[in-house]
J.: 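Sharing a structure with you now.
Given the structure is predicted, the values throughout are model-derived calculations rather than measurements. Excluded from the calculations below are hydrogen atoms, water molecules and symmetry mates; all remaining heavy atoms, backbone and side chain alike, are included. Naming: A, B, ... by sequence-line order, numbering from 1 per chain.
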Amino acid sequence: MTPETYLSVLNSQQREAVTHEGSPLLILAGAGSGKTRVITTKIAWLIAERGVESESILAVTFTNKAAREMAERARRLEPRSERSVLRTFHSFGAWFLRRNAALAGLDSNFTIYDDDDATTLLGKALPALTRQQVSAIVHRISRAKDYCYGPDDPLLAEIDSNPDFADAYRLYEKRLRETGNVDFGDLILLPVRVMNEHHEVRDRLRSRFSVVMVDEYQDSNVAQFELLRAITGPETYLCVVGDDDQSIYRFRGAEVRNILTFADTFPGTTVIRLEQNYRSKEPILDIASQVVAKNEGRLGKTLVAVRGTGRKPVLVFPGSQDDETAFCAELISNARKQGVPWQDWAILYRTNAQSLGFETEFLHRKIPYKVVGSLKFYEREEIKDALAFLSLVLNGRDEVAFHRIANKPARGLGEVSRNRIIDEYRRDVFDPDSVSTELGFDEHPDIISVAARLLETFSKKARSGLAEFIHVIETMRAMLDKEAGSAADTNAQPAANAGNPAGAERSTAKKPKKGAVGLAVFVDKLIDASGLVAYHRGQDEVAGTQRVANMQELVNAASLYPLSREGLVEFLEHIELDRSMAEDDENPDSVTLITVHNTKGLEFPRVIITGLESGIFPRDDKSGDDLEEERRLMYVGCTRAMDELYLTSCSVRRLYGRTEFMEPSRFLYEIDRDSIEVLGNIPRTFGIGGATSSRGAISSAGKMPEDPLAAQWKPGRKLFHDDYGYGIISKAFTAGDELVIMVQFENGGEKRFLPKYQAHNLLLVEQD
DNA sequence: TCACAGTGACTTTTT
DNA sequence: GTCACTGTGA
C-alpha cells in the first residue's frame, strides 16, 4: 500500500498525528477513534516516507493481543515493519535482560516466576506464615515493584509501613536472585536498574531505537515510565497514545498521572486529540459520556459519533441471575432468528465468576459461546508440573521447581527429604563459610549435583527414587545439549530473536525444518520419562485423561520452537508472558463471554453489560479514586458496543452461596432517563422519576405469576433464619411483581427478603 | 506418605 | 456454594 492510499483514509487529526515530527507527541485518543490505525500508519509512514530504519522503531503495548494486532496491521501497510520491535512492556524487558543477564545478576536461562511460584519461594523462607499471608506479601512486593521501590526505599512505607514487610521484601529478593530467576516486576525494574548503572548499555539502546511509541499509555505504571525515560534520549522521537478515561489498571499500579503530566515531563510536547468515534452509534456514546462525566480527575474530551444515531440503549431488571441469563439467551436467540450471527454478541461482566451462569444456560440452549481470558491452562497442576520440570532442566538453581516435581510421581522423597537437599544445596552455594565449594565459582550451582552427592545418605527407597529422578534430568539435559551442539541447522535462528527481535508474536515463530517437530520431541519425551503422564493418568479415570490431553497440548505448543537450549528458553518465556491460549480452531461464530477489563481494545456490534448492581459493579464500598476507576470501567464497557447496548441489573443474586437482595448500580442513576429505554419491571427504588414501563416482546423474563402462598408471609408471623435466628415479619408489600417482607430479628437486625427466592432459608414457626 | 474431614477464605480486574 | 489448605490418624 502506498502512503498516499493509507493517509487518504485518515481524518485531519489522525493525519496530523501520523505526520507529526520533531517533538514529543501525546495523542489523546478517545474510545473507537482509530488509535491503532494511527500508530500502525505512523510506523509505515516513518519507514516509507521518512527513511527511518524499521529496526530502529520500538513500539510497546500492554497486552500480547494488542502487540500481535499492531504487528499484523503494520505489516499489512508496510512489510518492512516486520523488523521493527513491537512488543509488550514485559516482553521487551525480557528481551533486554536476556542480552544483559550478567549485568542484572541473572542466569541467561532465567525463567519467569508467576505469583504462585513467587509465593512458594517466599513461603519457604518464611515458614511461620500461612500461604495466604505470604501471598498477600508477594502481592504488595509486586505493587512496590510497580512503583520502583526497592526494599530499602523510604517510600516503601506507602505500600506497607511495617518494617517486617521491608524485611520480607529483602529476603524475597535475595532468594529470587539465588534462583537466577525473575518475577514480572523485575522484567521492568531490572532493565531500569541496569541502564541507570551502566550508561554504555543505555546509550547503546538509545542509539538503537530512534523512535519509541507507547500504546495505552494511561495504563503505564511508575516503573514503566522509568523504563521509558531510560531508553529515551534527547535524540529519540517519543510518541505515546492513550485515553485517561480508559485507565482501568490502577489496582496494579497504573498511574494515570503518567498521561496527565506527560506534557510537563517532556517539554515541548505536542498534544493531538482524536475525538471522532468511528465505532458506536450516538445514543451509546451518549450514556457512556454521561457516566464518565461524573469523574473529576480527567483531561476531558468530547467524542463525536461519526456513525450517527441509532437505537437507545436498553435497560432491563431481571428478578434473579437466572432470569438474567435467560433474558440474555432469549435476546440472542431471537436475534439469531432474524439473522444476527452469534458472533455479533458479547456478554460483559465485572468478575470472572459471573461467567458460570451464562455458560450453563448457553450449553443448555445450545448457544455457541467462548469464554475469553479465564482460560487457566497454564495454571493447571499437570501443566505447571511439566513446566517446572522443563525449568529445572534449564536452571539447576530453581528450588521451587525442584521442590515441586522431585516427588511427582512419588519417589519416596517427601517434604523432609526434599527440603534436606535444598538446604544442603543452599549451604553449599550461598553460605560464605562453607568450604565444600568444590564447584568452581563460574560453574552453575545446581541442586541436582548436590542431590547426587547426597544420594548415599538416603534410605533405600528414597535413594533409588532420587537416583531415578537425577537420571531423568541428566538425560534430558544431555539431549538438549547434544541437539544444540550437532544440529546447528535446527538452531539457525538463534532463538531468543538475537537476529530478529521482532518476534513478539507466535505467528513469526518458525517451524523447525525437516520431519522433526522441534522442541515437541523433547517435551514429549520429558512428560513421559518423568513419569508425569503415568502419574496423572493414574490419579483419576476421567480427570486423568483430560490432564494427559492437556500435557499433549503443551507438547504441540512446543513444536513451534527449535530443539535447543535457546528454543526451550524462548518457549518457557513465551508461556509465562502470554498465557492466553491460541484461539483454537473453535467455532468462530459464537457469543463472547468476557470480563469488562478484557474487552479493552475490542468491539462488538451488540453488547450486554450484566450484573449492574451495587456491590458487583461497582464493587462494594468503592469510593474516591477507586470509584472513578470503576466508572471508567463502565465507560470502557459501554464504548465496546457498535450498534446495540443492553444493561441488566438483577434484584436478587446468589452470592457466596447466599441469596442477596441487590440494589441497582449507582451508574444506572447517572444516566439520563431519556437516554435509555427501560424494558419490563422497574424496581421501586429505581422507579422514582416516573420512567414508563414498556413491556416489549423480550420482557417475559420479568413476569412472575402470583404467589399462591403469599398469604403466609404476613406481618406478625414468627420465623427462623439459618444465619440470623428468630425474627418477626414487620412488613409485607409488593415491589414490582415481587412480594417483599421485612423481618425484625431478635438479635436487633432488620432484613429484607423475597420469599419467592428465599423461602428455603426462612422457616415459618408454627403458631399455636 | 496418604486419605479424609474440618475449616476458612473467596470474588476483582493481568503481565 | 466451592475450593484449597491444614491437621489428624492409619
Side-chain angles (χ1 to χ4, degrees), chain A residues 60-67 87-94 112-116 118-120 123 129-136 139 142-143 145-146 182-189 216 219-221 223-224 246-254 348-357 372-376 378-379 381 407-418 459 461-462 465 504 539 573-580 594-600 611 613 615-622 626 629-630 632-634 636-637 653-660 760-761:
Chain A
V60 282
T61 64
F62 283 85
T63 66
N64 293 289
K65 208 191 308 163
R87 287 181 169 251
T88 65
F89 262 108
H90 290 88
S91 147
F92 174 77
I112 301 159
Y113 273 180
D114 62 15
D115 290 353
D116 197 54
T119 306
T120 307
L129 303 183
T130 66
R131 191 177 168 84
Q132 201 184 339
Q133 291 170 309
V134 176
S135 165
H139 189 251
S142 128
R143 194 76 331 101
K145 289 188 174 185
D146 287 341
V182 298
D183 60 21
F184 281 116
D186 287 340
L187 291 176
I188 311 297
L189 203 55
E216 306 281 13
D219 286 329
S220 60
N221 61 33
Q224 286 156 340
Q246 292 187 68
S247 167
I248 54 175
Y249 286 109
R250 202 178 105 89
F251 69 92
R252 66 169 209 220
L348 276 51
Y349 35 78
R350 179 66 179 78
T351 66
N352 272 312
Q354 287 164 259
S355 75
L356 201 64
V372 175
S374 79
L375 286 159
K376 305 237 162 106
Y378 293 109
E379 281 165 36
E381 185 187 347
N407 197 39
K408 224 171 192 185
R411 295 185 177 89
L413 296 167
E415 184 72 19
V416 180
S417 309
R418 280 173 289 157
S459 67
K461 190 170 151 212
Q539 288 286 298
E573 174 176 317
H574 184 262
I575 283 173
E576 283 302 330
L577 292 182
D578 184 2
R579 302 196 143 205
S580 63
I594 189 168
T595 63
V596 188
H597 279 91
N598 263 325
T599 61
K600 201 158 64 153
E613 296 134 37
I616 301 275
F617 194 2
R619 273 203 74 71
D620 41 18
D621 311 341
K622 292 265 172 154
D626 284 339
E629 173 138 322
E630 294 274 317
R632 292 192 290 267
L633 198 52
M634 177 71 179
V636 168
R653 182 175 289 276
R654 280 189 307 277
L655 232 50
Y656 311 97
R658 178 141 303 137
T659 308
E660 301 274 347
H760 53 285
N761 283 333

J.: Look at atom CZ of A/Arg654 and say whether more than 12 heavy atoms of other residues, nucleotides or ligands are closer to it than 6.0 Å.
T.: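 Not buried by this count: 12 neighbours or fewer within 6.0 Å.
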J.: If I take atom CZ in residue A/Arg653 and atom P in nucleotide C/dG1, what distance separates them, rounded to the nearest angstrom?
T.: 17 Å
J.: Can you tell me how far the CZ atom of A/Arg250 sits from the CG atom of A/Leu633, to the nearest 0.5 Å?
T.: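 Answer for the CZ-CG pair, A/Arg250 versus A/Leu633, is 13.5 Å.
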J.: Nearest-Å distance, CE (A/Met634) to P (B/dT13)?
T.: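 About 19 Å, once rounded to whole Å.
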J.: Where the side chain of A/Asn407 is defined as all heavy atoms beyond and including C-beta, which of B/dT1, B/dT15, B/dT11 is the nearest nucleotide?
T.: B/dT1
J.: Between B/dT13 and C/dA4, how many Å separate the two P atoms, rounded to a whole number?
T.: 15 Å
J.: Ignoring backbone atoms, test whether A/Asn598 places a side-chain nitrogen or oxygen under 4.0 Å from the OP1 or OP2 oxygen of B/dT14.
T.: yes
J.: Nearest 0.5 Å, what's the OG1-CD distance between A/Thr88 and A/Glu216?
T.: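 Reported value, rounded in 0.5 Å steps: 13.0 Å.
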J.: Contact between A/Phe184 and A/Leu577 at the side-chain level, heavy atoms closer than 4.5 Å - yes or no?
T.: yes
J.: Which is more 5' along DNA chain B, the nucleotide nearest A/Ser417 or the one nearest A/His597? Just name the residue.
T.: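 Here A/Ser417 is the residue nearer the 5' end.
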J.: Just call it for A/Leu356: base, sugar-phosphate, or nothing, with non-hydrogen atoms closer than 4.0 Å on any strand.
T.: nothing
J.: Under 4.0 Å from OP1 or OP2 of B/dT14: is there any side-chain N or O of A/Thr595 that close?
T.: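 True: A/Thr595 side-chain N/O within range (under 4.0 Å) of B/dT14 OP1/OP2.
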J.: N/O contacts under 3.5 Å, protein versus nucleotides 7-10 of chain B?
T.:
residue: B/dA9; atom: O3'; partner: A/Gln132; partner atom: NE2; Å: 3.0
residue: B/dC10; atom: OP1; partner: A/Gln132; partner atom: NE2; Å: 3.0

J.: Would you tell me if any nitrogen or oxygen in the side chain of A/Arg350 comes within less than 4.0 Å of OP1 or OP2 on B/dT12?
T.: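 So the side-chain polar atoms of A/Arg350 never come under 4.0 Å of the phosphate oxygens OP1 or OP2 of B/dT12.
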J.: Between atom CZ in A/Arg87 and atom C1' in B/dT15, what is the gap in whole Å?
T.: 14 Å
J.: What is the distance from CD of A/Gln224 to C1' of B/dT14, rounded to the nearest Å?
T.: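 After rounding, the gap between these two atoms is 11 Å.
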J.: First locate atom NE2 of A/His597, then atom CD1 of A/Ile248, and finally report the distance between them rounded to the nearest 0.5 Å.
T.: 4.5 Å
J.: Figure out the CZ/C1' separation between A/Arg619 and B/dT11, and round it to whole Å.
T.: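 Checked: the CZ to C1' distance equals 5 Å.
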J.: What is the distance from CZ of A/Arg654 to C1' of C/dT2, rounded to the nearest Å?
T.: 13 Å
J.: Base, sugar-phosphate, or nothing: which does A/Gly412 touch, judged by heavy atoms less than 4.0 Å apart?
T.: sugar-phosphate
J.: Out of curiosity, A/Arg653 CZ to A/Gln354 CD, how far, rounded to the nearest 0.5 Å?
T.: 5.0 Å
J.: Who are the side chain to side chain donor-acceptor pair (under 3.5 Å) partners of A/Asp183, not counting sequence neighbours?
T.: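 Residues passing side chain to side chain donor-acceptor pair (under 3.5 Å) with A/Asp183: A/Lys145, A/Tyr172.
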J.: Would you say A/Asn352 places a side-chain N or O within less than 4.0 Å of OP1 or OP2 belonging to B/dT13?
T.: yes
J.: Just checking A/Phe89: base, sugar-phosphate only, or nothing, at a heavy-atom cut-off of under 4.0 Å?
T.: nothing
J.: So which protein nitrogen or oxygen atoms get under 3.5 Å of nucleotides 5-8 of chain C's nitrogens or oxygens?
T.:
none

J.: Between C1' on B/dT15 and CD1 on A/Ile188, what's the gap in Å once rounded to a whole number?
T.: 8 Å
J.: Measure up the A/Phe62 and A/Phe89 rings against each other and bin them: parallel (under 30°), tilted (30 to 60°), perpendicular (over 60°).
T.: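 If you compare the ring of A/Phe62 with that of A/Phe89, the planes turn out tilted.
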J.: Once you round it to whole Å, what is the distance between P of B/dT14 and CG of A/Asn221?
T.: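 Distance check: A/Asn221 CG to B/dT14 P gives 16 Å.
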J.: Drop me the distance from A/Ile112's CD1 to A/His574's NE2, to the nearest 0.5 angstrom.
T.: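 So the gap between those two atoms works out to 11.0 Å.
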J.: Taking only the side-chain heavy atoms of A/Phe251 (C-beta and beyond), determine which of B/dT13, B/dT14, B/dT15 contains the nearest atom.
T.: B/dT13
J.: A side-chain contact here means heavy atoms from C-beta on lying under 4.5 Å apart; do A/Thr120 and A/Tyr113 qualify?
T.: no
